[in-house]
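Excluded from the calculations below are hydrogen atoms, water molecules and symmetry mates; all remaining heavy atoms, backbone and side chain alike, are included. Proteins get letters first, then strands, A, B, ... in listed order; numbering begins at 1 in each. Here the structure is a predicted model, which is why all the values come from computation and not from measurement.
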Amino acid sequence: MASLKTQHAALANRLPPQAPSFEGGALNNTLRIHPPQKSERQQEQDNNPMSIDVQHISKTFGSFRALNDVSLKINDGELVALLGPSGSGKTTLLRIIAGLEAPDPNPGASIRFYDEDVSRRTVGERQVGFVFQHYALFRHMTVFENVAFGLRVRHKSTRPSKEEIRDRVEKLLSLVQLAQFSKRYPSQLSGGQRQRVALARALAVEPKVLLLDEPFGALDAQVRKGLRAWLRRLHEEIHITSVLVTHDQEEALEVADRVVVMNNSKIEQEGTPDEVFHNAKTQFVMEFLGQVNVFHGRVQKGKATLGDLTVDYPNYSDDHERPATVYMRPHEFEIRRQSNGKPSFPARITRTHSAGAVARVFLETEDAASVLVELPLDEFSNLALQEGETVHLYPKNARVFIPSESK
Amino acid sequence: MSKNFAKRQVLPGFGITMGYTVTYLSLIVLVPLAALFLKSAGLGVADFWKAVSSPRVVASYKLTFGASLVAATINAIFGFVVAWTLVRYKFPGKRIIDAMIDLPFALPTAVSGIALTAVYSSHGWFGQYLEPLGIKVAYTPIGITLALVFIGLPFVVRTLQPALADLERESEEAAASLGANRFQTFTRVILPTILPALLTGFALSLARAIGEYGSVVFISGNMPMRTEITSLLIISKLEQYDTAGAAAISVVMLIASFGLLLSINLLQHLAGRRYQGAL
């Protein structure tokens with residue numbers, strides 16, 4: 001825990017006194033990344049919306065099917081998160097967009113950056129900025145050399161002069177707040193600093209799109225939170241079309257404009273963070289995003305029943321009764337000592353803890369199903385709940401899914 | 001070493017182990033080498049200089065160091081290719097090829113010398129086709145170099161393998177995504193990373209080649225001034241009971257080899273210092 005704290009403090013103290021703050025100055029910096037004489041080209045780029053459109057992409061590794069006919073559109077300037085458990089195909093999709101992996105040959109498959117078909121281009125030709133989970137910094141180069149790499153390897157005809165390279169690298173380094181570390185080697189930096197170097201290196205080549213493969217996956221929780229908030233602000237300033245791969249739902253919901261939930265080599269659902277969180281279309285999305293209480297009920301004639309409770313479920317109007325799964329989020333409950341006549345179910349409190357932003361109450365129903373309820377702290381203290389007592393649970397909201405026949 | 005802050009070692013006894021190391025090194029390495037110097041010192045300056053600078057001896061130095069440097073360079077290049085193949089690819093028979101790399105270590109050097117001579121002499125498998133083309137291998141410096149390449153290969157391959165296995169594929173992908181072509185990725189990313197290991201392999205291969213005797217004497221033909229290596233010269237001096245002369249030449253070899261290895265070590269230090277020494 002001590003090291004965590006120091007890391008966090010270090011992150012905060014890293015700002016040199018004259019460096020722009022996260023909030024204010026970075027905008028100016030970004031604009032200054034581009035040398036003035038390039039402004040025409042820059043304008044051209046601004047007028048050229050950089051959307052990404054992948055259609056009917058499949059990918060198999062040996063006998064393993066990593067992607068199964070996936071299509072996805074990403075709008076210009078959008079920050080999209082590909083979210084899913086490991087093995088869901090999200091990283092493969094990102095690598096295919098980047099050109100680090102080739103999709104299975106399939107007549108319908110295409111990868112387009114705005115109006116250009118880039119399927120046959122190599123990763124270098126696609127002009128993408130790629131940020132790797134384990135940074136992939138060149139360890140024999142200083143921070144400065146790392147960031148300058150993409151400019152130095154350019155062909156003579158397009159390579160900026162030494163002074164321009166130096167200016168641009170320095171501006172990028174102050175954008176990621178590492179200006180004073182330019183002479184260090186990657187081994188002398190912390191994980192969070194390394195990842196910011198990797199980001200500066202990817203941005204140095206003025207990529208058309210920015211692709212991030214679990215960029216914060218190798219960092220500890222505290223640094224991760226700081227960095228993702230910072231990434232979001234950076235994106236708001238430079239508006240580069242970005243795709244972020246993550247298995248951390250909190251990260252995806254917090255950072256992204258749009259979340260694409262993937263599972264089993266397919267896209268389960270895509271939408272704004274609000275949409276996917278509050279209107280999960282599939283059982284998988286419901287369970288993957290946020291915490292849920294799961295109950296097993298029955299569904300018949302447009303109604304799902306769970307003990308005394310009934311929930312409208314117009315999607316199933318058949319007379320034939322079928323098992324259904326009912327989900328309730330921990331914060332969508334009311335707890336009362338006395339029944340008020342409305343449908344509820346009794347449960348016994350097994351444990352409570354209130355060390356946090358909300359109080360968590362762990363309960364057990366009569367059929368020994370465990371339930372987690374989250375209450376605002378003041379409500380929790382008003383109720384003065386005791387462990388061991390039996391209370392009535394009033395669900396405010398419930399979502400019903402009929403498990404597919406195959407499962 | 002401050003006693004107050006001495007760290008507890010996993011294995012005890014710095015005193016004992018250090019004492020052992022010094023004694024052991026003295027007995028095995030320093031004492032024989034000192035004897036060598038003493039023996040050659042018996043000659044006196046003028047005779048020493050005459051013994052180590054006669055044209056025949058100088059010719060042998062040139063041949064030994066020249067052929068060794070060429071062989072070590074060839075090994076560095078092709079050993080890299082072999083190590084790369086073994087690390088990066090999966091193919092049937094990989095295990096067998098991997099095991100074969102060590103054969104030059106294990107084979108008595110005389111056996112490899114005889115085998116190479118048999119293959120490359122004017123009636124051998126390869127020799128009979130090469131000779132009409134005007135390429136003579138056996139009994140020429142080419143043959144000597146070939147033998148030295150043979151015995152030095154494992155050093156380069158074995159030192160490079162772990163370094164190559166440690167290379168992050170991602171840094172190659174990163175280089176490609178930043179617009180570097182394959183040549184740039186190789187020269188700017190891969191090569192600098194493995195350079196220390198490559199230099200170690202080169203140095204080991206070179207050291208082995210300079211001291212090599214067994215595999216060379218058969219294929220070289222041992223013609224004075226042309227294909228006579230220094231080790232052989234030393235042996236022939238000994239056979240003529242000229243121990244002081246032999247010792248004198250040995251001393252020159254010793255100093256030259258030491259200087260060479262030291263400078264390679266220095267180079268390696270410079271190459272590795274930047275990112276390994278830090279922190």
Practice problem: Would you please indicate yes or no on a ring centroid separation below 6.0 angstrom for B/Phe105 and B/Phe155? | Solution: yes
Practice problem: Tell me, for A/Ala198 versus chain B, whether the close heavy atoms (under 4.5 Å) come from the side chain, the backbone, both or neither. | Solution: neither
Self-check item: Proximal component of A/His155, with respect to chain B [non-hydrogen, under 4.5 Å]
Solution: neither
Exercise. Sort A/Arg126 into side chain, backbone, both or neither according to what part of it lies under 4.5 angstrom from a heavy atom of chain B.
Key: neither
Self-check item: Cationic N near anionic O, under 4.0 Å, B/Arg88 to B/Glu172
Solution: yes
Quiz prompt | Carboxylate-amine/guanidinium contact A/Asp76 A/Lys208, below 4.0 Å | solution = no
Self-check item: Interface moiety of B/Arg188 toward chain A, non-hydrogen atoms closer than 4.5 Å
Solution: both
Quiz item: Do you know the tightest heavy-atom contact between A/Pro186 and A/Asn146?
Solution: CG-ND2, 3.8 Å
Exercise. For the pair A/Asp213 and A/Arg95, evaluate salt bridge (Lys or Arg N to Asp or Glu O under 4.0 Å) and give the outcome as yes or no after the intermediate values.
Key: CA-CA 8 Å; A/Asp213 183 12; A/Arg95 290 174 61 87; 5.5 Å; no
Quiz item: What part of B/Glu173 gets closer than 4.5 Å to chain A, counting heavy atoms only: side chain, backbone, both or neither?
Solution: both
Exercise. Mind ranking A/Phe130, A/Phe132, A/Tyr135 by heavy-atom pairs under 4.5 Å with chain B and telling me who comes out on top?
Key: A/Phe132
